[in-house]
Amino acid sequence: MPMEKSFDAAAREPALYDAWEKAGCFVAGAGAKPGASAFSILLPPPNVTGFLHAGHGFNHTLMDILTRWHRMKGDDVLWQPGLDHAGIATQLVVERQLSEQGIKRTDLSREDFVAKVWEWKATSGGKIVEQDKRLGCSMDWTREAFTMQGAPGDPSPEDGPNFHDAVIRVFVDMYEKGFIYRGKRLVNWDPHFETAISDLEVENKEVPGHMWHFKYPLAGGATYTYVEKDEDGNVLFEEERDYISIATTRPETMLGDGAVAVHPSDERYAPIVGKLCEIPVGPKEHRRLIPIITDEYPDPDFGSGAVKITGAHDFNDYEVARRGGIPMYRLMDMKGAMRDDGAPYAEAAAIAMAVAKDERTLGEAEADSVNLVPDDLRGLDRFEARNAVVEQITEEGLAVMVPPTDPRLGEPAKALAPEEGGERRLDQLTPLVESKPIMQPFGDRSKVVIEPMLTDQWFVDTDKIVGPALDAVRSGEVKIIPESGEKTYFHWLENIEPWCISRQLWWGHRIPVWYGFDLHANGFRDDEGDGALDEVELGRILSSDSLSNGELKPHCAADFDTVKSRFGDLLDDLPTPLNHARVVEVESRDNALHVMAKSLADYAVSQDPTQLVYPVWRDPDVLDTWFSSGLWPIGTLGWGDDDQSFMERYFPTSVLITGSDILFFWVARMMMMQYAVVDQKPFDTVYLHGLVRDAKGQKMSKSIGNVVDPLDLVEKYGADAYRFNNAAMATMTGTIRLDEKRIEGYRNFSTKLWNAFRFAEMNGALEMQGGARPETSHAVNAWILGETGRARDAVDAALAGFKFNEAADAIYKFVWNVVCDWYLELSKPLFSSDDAALVAETRATLAFVLDRCLALLHPMMPFITEELWAGERMLAISEWPTEGASDLVDPAADAEISWVIALIEAIRSVRGELNVPAGLKVELLQIELDDAGRAAWAANAEIIQRLARIETLTEASELPKGALTIAVKGGTFALPLAGIVDVEAEKARLAKTLGKLEKDLGGLNGRLKNPKFLDSAPDEVVAETKALLAEKTDEKQRLETAAARLAEL
RNA sequence: GGGUGAUUAGCUCAGUGGUAGAGCGCUUCGUUCACAUCGAAGAUGUCAGCAGUUCGAAUCUGUUAUCACCCA
């Protein structure tokens, strides 16, 4: 049955994929040669909520190309797929779904909610898997992993590597090595999701904002002389002031100020450093006083040069406060509203006053319990509170006032003349509020303004684990390409901050740490020293507030039994009866308080120490998603399992291909964590690529509406065309733009290949076995074998260097411009030959060449090549061509066919330029020709005549008048078409060609006459230049002769 | 403000020391049987500017301009 006219991608591609899967082509090690070296590649796990977008499509295509290439080469290949549980994103999706049913997350228990997430995952998660199959990705689906695999609630924990166990083991390991700690730190707080997020998940955006200027009055009405001088020390301005001027973009945080800071060199404020000033907001009778301190942070040239310090709500202030021992007062609750808890303002303010006057100090927990929000502002949203604070200060006259013409106010209000109804008020002052763009942090998922918030969080002490990750890249043990990625990598890691890994979510790996009350540190004294506690002593435990506020005793372990025995050991050291208490797990600290109290009360009655319990509770937080994905290499390969065969075979992995946008998020963290845990690199090479943009170069975004769905393109043009486009766009430095026209072009390319097979079919070449190298007698056949070898070398070299675009370019040019444009055309006369041996040889050659085209193209266009493939095994696991140019090139045939092609092109060019009718068969005159040319003509006369439309070849001793001249290497030909073509046009053509030649010759001569060139240029270059000069000189002479002859007319 | 990268044909981009390339688009011509999702021919560039290094620079160095991204 003859072939269809073209390949029906939409219908055939899915079927071909099924066939691969059924044949087990993608299972780890498929097609591997005995003793093969390993090639492993990790899929950067897409979010379980995700759908295939253009970025995935690009990224996955590149990985598939490498994977298929190595698999065909016979390597032991694993492409490890899987999904990321994506904490916030997934919780958000499921919360949204629940809210459609009118259910809030908090209506459910944590356990029930997590069960809903698993339910959602089973029905709606991981859609991207099917999409990857449509794309042709050859991942080993039998090993599909999930970063929450095996976690509590997982309905099918056996479906993949137990990732949860690995994550918990790593946490415990790193905790025990001292790489992880817990502490109260300022973190980015997302008030929408009510969780900490990392600074990488914060987008800083410039938005219109305001800068308010306020007066902080000096305590007790003190005054000083405020003097401003220019650079030369001349006094510009001088006045007596009883305040210090402060500028802020966030007035609501003034309530939590702990100090005012000025630069130590700032002479303007030197007289008042060390004095106290008043925060100009809050009830008059409880105005707080704060000290004026010096710190390097304030910029004397910015604003007034004085900065208010709110350690609990600003990252810069936090550092200043830490350096200066300034108390940090948290003002907001977890939703970003002003706090509404704790003692009334008057009490809180009194405590803060005492601290400011050095009359008392506060522990961390105590400071956190002080709510300095005035009673009337409590519970307000932070932005409402801002307005209220501004209003109150302004009303009290403590805003800095300026004339309405002050340029800092921006466009001055147009003063209306009294006769126009306006009032003359130029002498009236107005509050100084500058309108200016300010940088504001937004949550990349929630899109709400991020609040720096002082909370208890877990951190990875990155300083302790960053060293090996840096050394590995510095030493070249791990290579990042393109090289610019290494610079970025160093820059970030050399300035790395502690990594906050706790998240206040329900969906994620729960931190394996349990807390109990620290009974050793607080709460009891054994008055009698008899090793036993009486009722009074036990009572003290309950009455002290250390149980509700004090420090806790944490224990970290992979399972509760271990934790239990650790706490048990702790209790053993305690006096009777506490040393008899049983460790029990409760929900929370509050529960524990009740349980503890009840247990002690019961004991007081029963005096039975075996009934005493010691409650412990687990940390409610989960780990940052990037903590678990940081373990992707070892977690997917079974680290810590009994079966270590995959770790041994495939770790460290070979290549990581990922977007440069997650160099920090993921790549750097994998580096740090694999070294920290197994002290090995996670991969040899990291290939970073850019963001995929639309055809105009704009970032794809839902709000612009320019998002391209790669599957639409796949449906329209076939996965092969889409993939080939991805390969062709994958340059080292380039930005990637998705241009549909280009994809269409590659669809056309696949059709071209298809039709080459139709041609082969019609000429009986598809019945041949394409595998073995044919014996060739004809130069055309010998020549194309050499070209095939060159193509293999080019594709191999390109892929080995991760130059996907060069590989695509090489195979495209070979298939279209060499095989289709020339070899198929050159073979036509051979197929119609009477010489049966020649026909057979040509069939075998064509079969061989097309076979190689399929193999070389397969990694990039797997579907159509597999469809056309007729080998015994599927192409996906068939052998990659091994014969290169050095095996296949025949120099004599090469020279002969190159000459033939050049002649055909020259004749066509002359015909085309001078408008010789395309269909007209013309006579060709051979004016002069060297022996090589004569031999080449003789061997290929039929071919040349057919492709150049030549009726006859006649030898002639000189150019007839008005003929068109064709100069080739070693000879001159002519087309005697005096009557048909315009002589003037031929004159013009010759003049133009000669002009170009002369220019070229000028350059060549210039170089060769320069002794320095001859001395310092490499010999090859000199030889090439000389050869080129000779050739061009020759051609010039021939054309000059022709021009002279033409001039005779 | 700091870092990184880019600036080449009308458009989108390759090209890391040896006389500038591709795809698309454009112009002219062409459907005899592999292919009109095609074929043949053609036009198009101060390689952002300036200054260096070199026998030789799109390529290396410095500098300016513009743009993009990342980080403050």
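This structure is a prediction, so every number in the text was calculated from the model and none was measured. Reminder, nothing fancy here: chain letters follow the sequence lines and each chain counts from 1.
Nearer the 5' end of RNA chain B, as judged by each residue's closest nucleotide, is the contact made by A:Pro1018, out of A:Gly745 and A:Pro1018. If you find the closest nucleotide of RNA chain B to A:Ala1017 and to A:Ile904, the one lying nearer the 5' end belongs to A:Ala1017.
In this model, the phosphate group of B:A36 is approached by a side-chain N or O of A:Lys5 to a distance below 4.0 Å at OP1 or OP2. For the pair A:Ser660 and B:C69, the criterion of a side-chain N or O lying under 4.0 Å from OP1 or OP2 is not met. Not one side-chain nitrogen or oxygen of A:Asn1010 sits closer than 4.0 Å to the OP1 or OP2 atom of B:G56. Distances shorter than 4.0 Å separate some side-chain N or O of A:Lys752 from OP1 or OP2 on B:G39. Within the structure, every side-chain polar atom (N or O) of A:Lys813 is placed at least 4.0 Å from both OP1 and OP2 of B:A14. One finds a side-chain N or O of A:Thr731 lying less than 4.0 angstrom from the OP1 or OP2 phosphate oxygen of B:A14. Between A:Asn748 and B:C38 there is a side-chain N or O to OP1 or OP2 distance below 4.0 Å. For the OP1/OP2 pair of B:G15 and a distance below 4.0 Å, the side-chain nitrogens and oxygens of A:Lys803 include no atom meeting the criterion. At least one side-chain nitrogen or oxygen of A:Trp816 sits closer than 4.0 Å to the OP1 or OP2 atom of B:G39.
In this structure, of B:C55, B:A22, B:G25, it is B:C55 that holds the atom nearest to the side chain of A:Ser1016.
For the 3.5 Å distance criterion, the side chains of A:Asn781 and A:Tyr823 qualify, holding a donor opposite an acceptor. Side-chain contact, A:His263 with A:Asp299: no donor N or O sits under 3.5 Å from an acceptor N or O.
Base-pair partner of B:U19: not found among the strands shown (Watson-Crick or G-U wobble, both distances under 3.5 Å).
The aromatic rings of A:Trp754 and A:Phe7 sit tilted, their planes meeting at an angle between 30° and 60°.
For A:Glu913 against B:A43, no side-chain N or O and base N or O form a donor-acceptor pair under 3.5 Å.
Here the two rings, on A:Phe724 and A:Phe749, have centers that are under 6.0 Å apart.
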